[in-house]
Amino acid sequence: MNAAHEPKPVLEVSDLCVAYGKVEALHKVSLRIREGEIVTVIGPNGAGKTTLLSALMGLLPYRGEVAYVGHNLDAHVEVEERVGQGLTLVPEKRELFAEMSVEDNLLLGAFHRYRSGLRDHAQTMEEVFALFPRLKERRTQAAGTLSGGERQMLAMGRALMAKPKLLMLDEPSLGLAPLIIKEIFRIVAELKQTGVSILLVEQNARAALQVADYGYVLETGEVSLEGPSHELADDPRVIETYLGLGGKKTA
Amino acid sequence: MMSAKLSPARAILAAFLLFLVTGPLWLPEFHVTLLNYIGLYGLVALGLVLLTGVGGLTSFGQAAFVGLGAYTTAYLTTAYGVSPWLTLLAGLGLTLAFALCLGFITLRLSGHFLPLGTIAWGISLYFLFGNLEWLGGHTGMTGIPAVSLFGLELKDSRSFFYLIWVVLLGAMLATRNLLDSREGRAIRALKGGTVMAEAMGVNTARSKIVIFTVAALYACVSGWLYAHLQRFVNPTPFSINQGVEFLFMAVIGGVAHVWGAVVGAGLITVLKQWLQDLLPELLGQSGNFEVIVFGLMMIFVLHRARNGLWPAIARLVPAQKQERHAVAAAEPLPRRQMPAAGTVLLQAEGVTKRFGGLVANKDMALTVQAGEVMALIGPNGAGKSTMFNCISGVNPPSEGRISFLGQPVAGLEARDIARLGLSRTFQHVRLLSGMTVLENVAIGAHLRGRHNYLAAGLRLERAEEARLLAEAARQIERVGLAEHMFDAAGSLALGKQRIVEIARALAADPCLLLLDEPAAGLRYLEKQALAELLRKLRGEGMGILLVEHDMDFVMGLADRVVVMEFGEKLAEGLPEEIQKNPAVLEAYLGGVE
Amino acid sequence: MDLQILLLLGQDGLTNGAIYALLALALVLVFAVTRVIFLPQGEFVAYGALTLAAIQAGKLPGTVWLAVILGIAVVLIDGGLALKSGNLKRLPRIVLGNLGLPLVLLGLISGLEAEALAALALPLQILLTLGIVVPLGPLLYRLVFQPIAEASSLVLLIVAVALHMTLIGLGLVFFGAEGFRTQPFSDGALEIGPLLLQHQTLWILFASAALIAVLYVLFERTVYGKALRATALNRTGARLMGISTTMAGKLSLGLAAFIGALSGVLVSPMTTLYYDSGFLIGLKGFVGAIIGGLASYPVAALGAVLVGLLESYSSFYASAFKEVIVFTLIIPVLVWRSLTSHHVEEEEE
């Protein structure tokens, strides 16, 4: 149903399957993200959300079609190459370089561009600082000494240093206090203005659906529900998935 | 254990034994000597199979223990004329003391420090042997007497052959027996399963020391044999290079298999003999060039066939139809006195757990009574598994009081808490994937047996072993996995592996069961069966504390629910109350209005 | 014992300690980046010294052939992979990057007359030596460690030991069993009070200090150095930044080979080195590295200097037992480590 005036898809995933040994963690997951769009994947613990992002980033082997800006990304394409193509992931565990300064962490975010001869990191860093003034204040501090919220900001800032086409965020609200979560989501919404597409994986369904354009509900490795996020936000089945209030699922 | 029909594997074994028995009668002297060395090296490599292949601890310093055995007997027999049999005991005693000291120091260290330590003391001892005047310095000691056995002097290599191979085959049998026993399962858990083993009551530090000592003693015996075969000793055969070669033998032969030691020792010894003639001729100069080939072989084996040659050889033999006979019936093990329903089993108050600056649990409190299911729920990262680890002693709390059956347990080792009657499963399944389901579950019953390593090596504990296995089998049937009893645990679907974890916990005969996400990955019908089982256990008076994300499952089963968020208790109450609690709804769905 | 001897021994210990410190730094670097406990570090020392000795004797060092053969192996493997995936554009880079320098040096050295080679200026000879030995680092990483980069650190250690044995054997093939000494960088000595400092001693102390300074600048000031540190701190994090662990591994082994070869070049005028001398020298660097817990650069360097001093003084008091004393030192160090480090055991299969 792709009308001509609609923005082009950045990422189109169809029938993605991921297995840990014999155990299938994702089963035939399909989703699409268009240019400049925020798409969220919500769902309870253990539904396979992190697995999905890890596979897309090339950290896990997968089967199925992954088309990124028009060309096919098969499972053999290394993480480093994906980064070079403008795909970045802010992982759930942040994975910061704890003993290095905020500035060095950001600098390394631009490593792949630097290596390819694109040495505009000083300017990109100013843009990141404009987005996260808190990081500018802490620029010489070691990443390991930051608070939880600041770490999340640094992780996002570091990812933005690569000037990504598609930014994937894994549970940015995890373990953060409500006020900080609000701040993080405000920034996510703001990022949309810069034109980057965002794939947001969240347990915090309400917050995620507020900033997203479209949403998928992932449950036990399969997409159980999808739709424009304002529709999903009011769908009682979403609450059921999380709190088990309603009807039984069949096996 | 006699089978009516001779299987191919048994036929080959019989042929090999026949070859060993008759060999010295018809083989040329040179080949007998070669076989003697294979036997001597095989004994050291056998120790490494136990230590490295099974236990996951690497040593490059075994040659030093060989030297300890050789020099002890060389010195005592030549300087004081002591009987070789007494010097064997002396050597074993000295090695035992030495291994216990070194083991106590180095085994506490993680991963790579042990092998580095073994290199260091391997070199130290080598230089010590070479620099002590009373041990003959670098020239060594001569005039070591022959061993006599039943009045027969074992003077030549043909007669000595039998002594070496009887010792080696005996050690192989004892090692195999040990590995196929209660303590053997604990040893096999050392490689990748120490946290689980401790929670099942295994003293893993002790198991490590034991295999380290056994490996050292094997090496010491080999040294004793070597000294009396050669009748002289010098430091060269006990250098670090020889220690490395022993490890090569074990790894190339197949470090996880008793027979791998013999195959590796045989291959390296024969190859060395051949290469030492060939390479200097080829290169036109003299020297130990065979290390180039051995080094490359090792690199190749570790790249391409990390299990060594033995599995490949074993595959060549037509597999015998493994009769998976059911586990033999045995007298049930004695059971624990269950506390009366309603007794408070577990009481935790003010439990705080910090990791550096991060507070994972803050002032948590909960109780579990006999005959109830208590559910602990909360969003990702709320600190539920941390709380489990505090209670079970896997990772003790920073502050707070935890009592189990009225006894304070905060700060006790996991294995001591297990002994009191608490058993658990893990969120990330911790099974030994190469072992059968039956063996995995039998580890749960570890504390219900008492026979030690020696008894296991000599097969004096078969009655107890049968009872342990029967108990494991009973629990496997109980959780409905009887058909998988003899499958490798790693071959099961993840959901079924979780159920195996429950069976393992039940094999400990606990009165309190801690289940971390037991229903994850199960299908609907399997979940119903699990809920049924848990209800039955509750009916028998067991207390169950459960972390679970499937709310249908939790709400239908739990008697009481505690909700955690940010490491703290958010709410507590009956399932219906919790489902209506607005704070809980908020915690789960979030929202940033 | 009088002050004179005390100072003399101190000077000796400090000189050796400086070399051990360099090696300790290389070992900490390689371990942090690749998790390999790089026992063959000492072989780079011997290769460096003996390659220089061969050049000074006007001979073609066997290490050139090793570099060429390893280069061909890498070109075959990586070239094959590139062909398979239809990535022909990468072929020239693969050939040049892995085989270029070894082939150029092979041509250069075999093109020179023996007398001309022996008569080359010392700095040029040293440059040739480094040019031959340093590429061995990345090539060996590619062939030996990269295929099992994700294996447990114990498997990596056993592979490192196997590589060490292989390189020792090859060293015997290349250089024979006799020992060599090279010409000192400059003759003469410097007198400071009661101390008589050989020029070579000063060279060693100066070069070690300079190298440590260069390494510091590399890791603190350059993007590539920071990328190496980042890989050591957090592999997943580094990969997500597009820092390839293979590149980091090759880079760190290249640095290790450089440090090793340079150490060999520095000490070879002071002591006669044999094909297998590297092992003990490297291990003493190791004792230093372990004192630093394989993690801290300054503590490792300090520990290594301590090892040098201990060795020097014990060789005076109990010369036969100096190795025993130095390597037994590791036991109390390990005890101390076991009491201070409380890290949860990595559970690996």
Side-chain angles (χ1 to χ4, degrees), chain B residues 52 56-58 60 102 105-106 108-117 119-128 130-132 137 191-196 240-241 244-245 247-248 251 283 285-299 301-304 306 395 430 433-434, chain C residues 31 35 37 39 143-144 147-148 151-159 161-170 172-173 176-177 275-276 279-280 283 286-287 289-290 293-294 318 320-335 337-339 341 343-349:
Chain B
T52 306
L57 307 167
T58 308
F60 295 105
L102 282 176
I105 293 164
T106 40
R108 302 176 42 154
L109 290 164
S110 62
H112 44 266
F113 280 108
L114 171 69
L116 288 180
I119 290 177
W121 50 253
I123 291 178
S124 275
L125 272 177
Y126 166 70
F127 279 107
L128 198 64
N131 284 302
L132 289 175
K191 201 173 173 181
T194 46
V195 171
M196 174 277 291
I240 190 72
N241 285 354
V244 170
E245 224 165 276
L247 190 73
F248 282 11
V251 171
L283 293 163
Q285 47 180 327
S286 61
N288 299 324
F289 300 113
E290 71 278 0
V291 290
I292 303 173
V293 177
F294 292 166
L296 292 176
M297 254 168 77
M298 268 304 269
I299 294 172
V301 163
L302 289 168
H303 276 195
R304 295 297 169 84
R306 216 165 280 171
N395 210 338
R430 289 177 189 264
S433 52
Chain C
F31 180 73
R35 298 178 304 122
I37 296 181
L39 274 174
L143 292 172
V144 178
I148 49 165
S152 72
S153 64
L154 283 179
V155 169
L156 292 172
L157 170 63
I158 299 177
V159 169
V161 171
L163 177 62
H164 151 73
M165 300 297 265
T166 308
L167 290 179
I168 287 252
L170 288 174
L172 181 59
V173 175
Y275 72 98
D276 62 351
F279 185 49
L280 282 188
L283 272 186
F286 241 115
V287 179
I290 292 175
L294 286 172
F321 296 101
K322 89 174 186 193
E323 315 290 1
V324 179
I325 293 172
V326 168
F327 288 110
T328 310
L329 169 75
I330 212 168
I331 305 266
V333 170
L334 289 176
V335 174
R337 279 274 147 215
S338 78
L339 293 178
S341 74
H343 90 182
V344 179
E345 199 166 329
E346 59 178 322
E347 294 248 31
E348 45 191 12
E349 289 282 310

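Worth knowing before you read on, the calculation uses all heavy atoms, side chains too, and leaves out hydrogens, waters and symmetry mates. Just so we're on the same page: letters track the sequence lines, and every chain starts at 1.
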Scanning both residues in full, the closest heavy-atom pair of B/T58 with B/T52 reads CA-OG1, 3.7 Å
Looking only at heavy atoms, the pair that brings B/I240 and B/F60 closest together is CD1-O, 3.5 Å
Most contact-rich option vs chain C, by heavy-atom pairs under 4.5 angstrom, among B/G130, B/G287, B/S124, is B/S124
Heavy atoms of B/V291 and C/M165 approach each other most closely as CG2-O, 3.6 Å
Bottom line for C/L280: the part with an atom under 4.5 Å from chain B's heavy atoms is side chain
Honestly, the part of B/I123 sitting under 4.5 Å from a heavy atom of chain C is side chain
Value for CG (B/L114) from CD1 (B/I119), rounded to nearest 0.5 Å, stands at 10.0 Å
Between the OG1 atom in C/T166 and the CE atom in B/M297, the distance rounded to the nearest 0.5 Å is 11.0 Å
Max heavy-atom pairs within cutoff under 4.5 Å with chain B, candidates C/L163, C/V173, C/L329, C/L156, goes to C/V173
With chain C, the option among B/M298, B/Q285, B/E245, B/E290 that has the most non-hydrogen atom pairs under 4.5 Å is B/Q285
Note: vs chain B, highest number of non-hydrogen pairs under 4.5 angstrom among C/I325, C/V159, C/L172, C/L167 is C/L172
Scanning both residues in full, the closest heavy-atom pair of B/H303 with C/V144 reads NE2-O, 2.6 Å
Under 4.5 Å to a heavy atom of chain C? For B/L247 that would be side chain
Ranked by heavy-atom pairs below 4.5 Å to chain B, first place among C/L157, C/V161, C/T328 goes to C/V161
B/R430 and B/M196 have their tightest heavy-atom pair at O-CG, 3.4 Å
Cut-off 4.5 Å, heavy atoms of chain B, and the answer for C/L39 is side chain
Cut-off 4.5 Å, heavy atoms of chain B, and the answer for C/I37 is side chain
When rounded to the nearest 0.5 Å, the distance separating CD1 of B/I299 from CZ of B/F294 is 14.0 Å
Ranked by heavy-atom pairs below 4.5 Å to chain B, first place among C/I158, C/I290, C/I168 goes to C/I158
If one checks every heavy atom of C/L283 against chain B at 4.5 Å, the contacting part turns out to be side chain
The salt bridge (charged side-chain N to carboxylate O under 4.0 Å, His left out) partners of C/E323 (sequence neighbours excluded) come to C/K284
If one checks every heavy atom of B/F248 against chain C at 4.5 Å, the contacting part turns out to be side chain
Looking only at B/N241, B/V293, B/V301, B/L57, the option with the highest number of non-hydrogen pairs under 4.5 Å against chain C is B/N241
One option among C/A177, C/G169, C/G176 has the most heavy-atom pairs under 4.5 Å with chain B, and it is C/G169
**Asked** Is the backbone N or O of B/L302 less than 3.5 Å from a side-chain atom of B/R306, with the two atoms forming a donor-acceptor pair by type?
**Response** yes
